Participant: 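I have a structure I would like to understand better, so I am pasting it below and will then ask my questions one at a time.
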Amino acid sequence: MATIYFSAALTDFTGGIESLTVDVPRVRELMQAVTERFPDLADPIEIMAIAVDGEVYQEPDYLKLGENSEIHFVPRIAGG
Amino acid sequence: MSTIHVRTTVNGEPTEFLCEPAETLLDALRNRLGLTGTKEGCGTGDCGSCSVLLEGRLVPSCLVLAAEAIDREVLTVEGVAVGDALHPVQQAFLEQAALQCGICTPGLVVAAKSLLDRNTNPTEQEVRFWLAGNLCRCTGYDKIVRAVMDAAEVMRNETSEVRA
Amino acid sequence: MSAERTFEYIGTRPIRHDGLDKVTGRANYGADFTLPGMLHGHVLRSPHAHARIVSIDTSAAEATPGVKAVITGKDIPKTNAKLSLGEAAMELGPMGDNALAHDKALYEGHAVAAVAATSPEIAREAAEKIVVVYEVLKPVMTVDQALAPGATILHDDLVTKGKPLADAPKHTNVALRMELKRGDLEAGFAAADLIVERTFTTPMVHQGYIEPHACVARYGEDGQVLVWTTTQGHFIVRDASAGILGIDAAKVKVVPSEIGGGFGGKIPVYLEPLAIVLSRKAHRPVKMVMSRDDVFRASGPTSGTKVRMKIGAKKDGTLVAASASLYYEAGAYPGSPAGAGAMCVIAPYTIPNFMIEAYDIVVNRPKVAAYRAPGSPAAMFATESVIDEIAQKLGMDPIDLRLKNAAQEGDSAPYGPKYGPIGLKQVLEATKAHPHWKAPLGPNQGRGVACGFWFNAGLNSTATVSLSADGSATVVTGNPDIGGTRVAQAMMVSEELGIPVERVRPTVADTDSIGYNDLTGGSRVCYATGMAVIKAAQDARDQLCARAAKIWDVDPSCVAWERGRAIPLNGASDKEPLTVSALAAKMTATGGPIVGRGAVSAPMAGPGFATNICDIEVDKETGVSRVVRYTAIQDVGKAVHPSYVEGQMQGGAVQGIGWALNEEYIYDEAGHLENAGFLDYRMPVASDLPMIDTVLIEVANPLHPYGVRGVGEVPIVPPLAAVANAMAGATGVRFTDLPLSPPRVLKALSGA
Ligand code: FES
Ligand code: FES
């Protein structure tokens, strides 16, 4: 079971729902579940990075999720 | 425009080239003589990356006309090491990690050499003021100042060894 | 991650391999390259900050003897393509339009045409003959002007992305509004005993790299393109140039020169697409070099900002609520680091209730580029100034106040995820324990302290490690070496293979000669490319073990690697250990060349924290101030080459000091930059500064095999507030607008 937390910027697209728990093996399936449930979210999260249990990835599609994984969408960061 | 025939000495070698009247020594060194160790950071005398010695005097070569080198001696960064022996300033820059990107380094090496030619026992303040015309954006100058102080010490020891 | 691993090479200070070339003037930088038959390019730039381009007549320029090609915006295709490689997604349309304007000049210095000729002088003179008819528009120079009702709009088609306010106008200069919030803001402030609210501004400043942008491009009749350039990411130059011009990336080879500083400013392309198109038209190689004036006016500085910051605290120093509004100038096209600023602004502290909004706002200034920890310094300047004031008003030690609220492992960052092991508390403890913190101050002196926070990018890196028959090795990566990364990579190979650093040759390869590498930036090279290098070295090591097994005629499981040698395990114990040299000498007989490969897509690592202590002395007659003592403390994870880590901390501190005390873009009302040179844009020089003391704290980063954390960017974050807090101590005046230049200080003192 993984829980996705939606930031204030994203709850507009989830009808105010702040978190969602889904039973999926990998980030790829998680993204499918999220965008099926909230189609409007597809656009904004496409340009975001994904934090899985505190580690931020650019494209973690095939990353396996743990028992109680926590997922956040975070803005991508440019560095100097 | 008529070109000027410049006969000069660069890094100890008699050298000749033709240049435009308005051409800077920096451009002549880089483009006519292929001495690209001297860098251009501003072209207005404000950054010191083009520092060379003209008759032993530290000058920004972007503000000197190539024609001013006629019958004079120019020393660029390429002439600071003697054979395969680095100048103590160059060695100290390597040991102290006094360069990051290294674009300021040629100018600083020349400027520091010219200080140590005059004074092998400078204070930290004297080093800082002497190098105030050379911008370095990477290092915050800390390791550069340390390197120059170290090189001064090496040079003092060398001279005392010679005396002894 | 073996925390107790003892290192043989990591943590030592060998001389860098590229050092000799750099102290003798032999190293080749961007402008040092020439080709036979090469032409020189010159860019004609807009004299107006905002103008529609009505027409461009290039005929007189084209007719000038010696001119071989002239181009305008028409020669650069308009594109909607994006580059998702690299850091964040790069919009290639605006990047191309920024390189050469299509319809509108959006800032003074915006390129509108370019000429290639047989000499730089002819190119310049011909460019001046180009007749551009402009319809001059009113410029929008500040965020306040950009947001004002009825403001001139820069881009007709701009819509606010993210979370625009409900009543926001449709026609706007706001490219993005983002929001981060948690808890109940009103209740939080209601519970506070003390609330401090102030608005801060920081000026637009430039990275100030000493080497101007420069490149040479050669377009072959077969469509093959070669580019030599000074860049932080030659793979980005390849993909961006190819994308902008609509050519196949595989047709473009980019060779990086040595790079004379970047700090984020040498990530975008400016000259390269123009040089390629000029070369295509002229059938000759074209060299382009920016003047310092061009660099200031038309490369990417970082945003000027306005930040409103409000923090509420309990009497005991517990921070209970924060609200912040960040307004960042994007320059001519969207893309300021406002979002990053929002993520950083309260990141060091656990504040249960907060609401942060950030605006990315277009104005008629050059399009901003990254600058070391982009977005964080201005945001943290606000936070750390307000925290300092809270400490002062509560009568608390400012470090104790920070320690009381400092985030640690397991706390949720304001942008969502939980922190892993981070070193903020350790850094604060070390700051408090440092003799500098307790040292007495002289007359007219003040002391300030401030924290900084920044991320650590991961991204893609490739490395190969090859052995020579004599047992020496080469390590090849694709990251330009801005500050000693070659030697760090060689040290990693030494550590894995047990061969001396001098016997490892590190090389930065061009885009054809190594797999893809993201840029040198985001504090990522030692961390992420380092991971690729370690992987490649371990791959080579495993091959060496297999060769030993072959020589001994045993199963590979009977071989282990220990300090530079293959050693026999059970079942082979009668064998003598084999060194790298012995094994390399037998390469041909045991299966051929040994080449280790490493490729990684590294996650972003746990962020870095730093604090600075600054002592400043103020001459109250003149307003002139001087930093008299400075100490930088930082969690560096694991310092590979401590000298270069210290160098990052010292250099970042001094850039921050410059930002705090002197540096600023000064525009007149018409949008003309008044100080586009080093004389009037005053960067710190050696005589302005004391030594910069450093303290390296090592809290291992669990994602890296040695615990390495990115160190390059966070050093520039604390100085802005550290200097301003020191100034408050010295003068009793709290300054909210940078820079703290003598006239501003004097004015405040005479008003006080
Ligand atoms: S290039 Fe001569 S001083 Fe800057
Ligand atoms: S080392 Fe980069 S400018 Fe000095």
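Hydrogens, waters and symmetry mates play no part in the numbers below; they use all other heavy atoms, side chains included. Residue numbers begin at 1 in each chain, while the letters A, B, ... track the order of the sequences. Since we're looking at a predicted model, the values are computed, not measured.
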Participant: Begin with the C-alpha distance, continue with both residues' side-chain angles, and end with the deciding distance and a verdict on side chain to side chain contact (heavy atoms under 4.5 Å, CB included) for C:F455 and A:V56.
Facilitator: CA-CA 10 Å; C:F455 303 94; A:V56 183; over 6 Å; no
Participant: Please look at C:E179 and chain A and tell me whether the side chain, the backbone, both or neither of the residue comes under 4.5 angstrom of a heavy atom of that chain.
Facilitator: both
Participant: Within the 4.5 Å heavy-atom criterion, are A:P75 and C:M178 side-chain neighbours or not?
Facilitator: yes
Participant: Quick check on C:Q207 against chain A: is it the side chain, the backbone, both or neither that has a heavy atom closer than 4.5 Å?
Facilitator: neither
Participant: What side chain to side chain donor-acceptor pair (under 3.5 Å) pairs are there with at least one residue in residues 33-42 of chain A, not counting sequence neighbours?
Facilitator: none
Participant: Is any residue of residues 412-419 of chain C within less than 4.5 Å of chain A by heavy atoms, and which ones?
Facilitator: C:Y415, C:G416, C:P417, C:K418
Participant: At a heavy-atom separation under 4.5 Å, does C:I716 approach chain A through its side chain, its backbone, both, or neither?
Facilitator: neither
Participant: Quick check for you: among A:V52, A:D43, A:I71, A:D12, which has the greatest number of heavy-atom pairs under 4.5 Å with chain C?
Facilitator: A:D12
Participant: For the CD atom on A:Q32, are there more than 12 heavy atoms of other groups (residues, nucleotides or ligands in this structure) within a distance under 6.0 Å?
Facilitator: yes
Participant: Atom OG of C:S376 and atom CD1 of A:I77: how far apart are they, to the nearest 0.5 Å?
Facilitator: 9.5 Å
Participant: To the nearest 0.5 angstrom, please state how far the CG atom of C:L459 sits from the CD atom of A:Q58.
Facilitator: 5.0 Å
Participant: Shorter than 4.5 Å, heavy atoms on both sides: which option in C:P337, C:A602, C:P603, C:G264 has the most such pairs with chain A?
Facilitator: C:P603
